[in-house]
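Every chain is numbered from 1 and lettered A, B, ... according to where its sequence line falls, protein lines coming before strand lines. Side chains included, hydrogens not; waters and symmetry mates left out as well; all remaining heavy atoms used.
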There are 2 protein chains.
Amino acid sequence: MKRKITLKQIAKELGVSIGTVSKALKDSKEISEETKEKIQAFAKYYNYKPNNIALSLKNRKTKTIGILIPEIVHHFFSKVIQGIEKVANKKGYNVIIGLSNESFDKEVINMEMLASGSIDGFIMSISKETLLQQDYHHLNETINQGMPIVMFDRVVSDIRCDKVIINDVEAAKKAVNKLIKNNCKKIAIITTKDYVNVGRLRTQGYVEALNDHEIAPEPELILKVDDKLVTEDYIDVLEEEIKSLFLINPDIDGVFAVNELYAITTMKVAKNLGRKIPEDLQVIGFTDGVLSRHASPSLTTVTQYGQKIGEVAAALLIEKIESEASEDPVRTVVIETELIERESTK
Amino acid sequence: MKRKITLKQIAKELGVSIGTVSKALKDSKEISEETKEKIQAFAKYYNYKPNNIALSLKNRKTKTIGILIPEIVHHFFSKVIQGIEKVANKKGYNVIIGLSNESFDKEVINMEMLASGSIDGFIMSISKETLLQQDYHHLNETINQGMPIVMFDRVVSDIRCDKVIINDVEAAKKAVNKLIKNNCKKIAIITTKDYVNVGRLRTQGYVEALNDHEIAPEPELILKVDDKLVTEDYIDVLEEEIKSLFLINPDIDGVFAVNELYAITTMKVAKNLGRKIPEDLQVIGFTDGVLSRHASPSLTTVTQYGQKIGEVAAALLIEKIESEASEDPVRTVVIETELIERESTK
DNA sequence: TACTAACACGAAAACGTTTTCGCTAAGAAT
DNA sequence: ATTCTTAGCGAAAACGTTTTCGTGTTAGTA
């Protein structure tokens, strides 16, 4: 077990100075060909690789970007990570991951931990608890220390940083318009509580789409699921709520769900109640994950290109990290969404 | 935008030496109460946090562990990451992620990059290409440099490092035994090519289970899918292969698939061919992901507790990192699997 | 022969810590 | 009055780099 070799050891072994070794390995013309060859050969033989930590300290750059997300066992988030990793890697960056588990405290702790020199910038999606408490001091402090942040998905607009989002309102309208066009007369929405901004915006899109077609939105068709505590029997509760929605409003013939799980669960409940999909009931979900593709019937859904979001976020962040200007304008990039039609709609 | 404050700045501002500041913040009894209070108050006011990079350089520890996996958009792997992150975080470690995308080259590059000082140890699952080429020099080199590695899932046994695995043979036998007990007479297996060791072992378990019940394994019931190149039409190819399996062997009444996707696809194809599940055909999958739970019918599956695997791997790694002994024995921990019965079996 | 220029290399600072060692001065002990 | 402790602090090395600047040697030029 030999420790990694350092410049100092090479220098000592070859009877030259550390500086000379460093320059030789960088092919500096300050050093004679002869010496360079000797040093390079030696370094190659011992598989010398510069120590990243020392470089980071010297350059005050870590070449690492931090990702801070609520959870990782989630198709959308892992797609985003994949996208981030792809462009980060291409530009010589590593990614380090922090999970908040939807907890405010863990988000703050993780952020402070990573902000203490470990990374050059953040890409993040805010936890639900933070959204609920509306306490963003950790974000502002980080930004004030000159560390760039790019937010995606769950963003908060009055933070001064770049953002990568989709147009949730428009995307939701696309979905609901499709249901209306497909002759649905009574369209329900399964959504989240309003403090989750993406849920709120999608609900807003639902309402707007109905209004556009002069359909009066009915409050009892709007089911706002409380998912603050995702417990074991979470799915059961969800099923119960959806079931009573159908029992109270038996003539629902279209459902727009703001995520995959709500949509899949809706189909399951509806099938158990004897509904045929898409004949009796048409369902559209949000986010194109593995569930939508492989459910039966497969799910028509609004896809938000997660990988693309990650790629753009990483590109924005790296650009900001490497730009000299300390105060350039904040940008918001809107990624297109698309309605993917499958078997759950006519 | 104020840069993060350093010891040097505090020292200068307060007219003391850097060493004094450092000691004061550590509550060293070398420093007078008066001075300590002054320094601590100042540090708190300016939100001083020691620079991780400088600490890493000094201590030759990064308090970071590297995860190297083939892909991240995958329920099992993200579960493992979740487990790793959980115990790592509890012990004050961060996790940094490298994706190999099943490519040998990316695995090597990522490994070298991270091994150059960025992390204290690896947790990894080998890429398929590496498995195929059987070139493990990068692993051995890393280990020789004194950096501990813990392998999980796709391990290679003759590498000298800790491993966290499941008993694939036994797990597969559990599944096939269940099918046999449920009166299946003609049981097929959908598996991978043999170079993927987990696939090979599960196939072996299938064969052993049949032999145990004095059923002669029939080669035409063993479908080894070639997933070397996962292209766009990958699913279509998979469906075709499974379809012809059923056409050639119409009396198949049980299928054991070595992963979720194969199992779900099998159910889809079978349903299209008019089979009722579980009446005409019983299906058991491997790995309990979101698909298994929410498919219809929901899938009976062998669960390999991914989060547990991650937790154990992280515990092993951190223990090794923090142990003084340079040469302790390598350990292999076997995590229990369990057969979760759902609707796809009787 | 004396001066300059190019060449090849070394010394040292810097990045931000921690920690060991040494120094000074005040009080205690002799 | 002299020596011994001890409290309180500073200096400096070390982690592994990069880079600037300085310096000695040699060769070329006047």
Inset, instruction - Can you label the angle between the B/His74 ring and the B/Phe76 ring as parallel, tilted or perpendicular, going by 30° and 60°? - result: perpendicular

Inset, instruction - Return no unless some side-chain N or O of A/Ser32 is found under 4.0 Å from OP1 or OP2 of C/dC9. - result: yes

Inset, instruction - Please state whether the phosphate of D/dG16, meaning OP1 or OP2, lies under 4.0 angstrom from any side-chain nitrogen or oxygen of B/Arg60. - result: yes

Legend entry - Side chains of B/Glu311 and B/Gln307, donor plus acceptor under 3.5 Å: yes

Of the candidate nucleotides [options], which contains the atom at the shortest distance from the side chain of [X]?
| X | options | result |
| --- | --- | --- |
| B/Pro50 | C/dT17, C/dC9, D/dA11 | C/dT17 |
| B/Ala54 | C/dG10, D/dT17, C/dG16 | C/dG16 |
| B/Lys23 | D/dC9, D/dT17, C/dG16 | D/dC9 |
| A/Glu30 | C/dG10, D/dC9, C/dT17 | C/dG10 |
| B/Lys58 | D/dC21, D/dT17, C/dT18 | C/dT18 |
| B/Thr6 | C/dG16, C/dT18, C/dG10 | C/dG16 |

Legend entry - Protein-nucleotide distance (A/Lys4, atom NZ; D/dC15, atom P), rounded to Å: 17 Å

Inset, instruction - With sequence neighbours excluded, tell me which residues meet side chain to side chain donor-acceptor pair (under 3.5 Å) with A/Tyr48. - result: none

Inset, instruction - Using heavy atoms to find the nearest nucleotide of DNA chain C for A/Val16 and A/Leu57 separately, return the residue whose nucleotide is more 5′. - result: A/Val16

Inset, instruction - Count the heavy atoms of every other residue, nucleotide or ligand shown that sit under 6.0 Å from CD of B/Glu322, and state whether that count exceeds 12. - result: yes

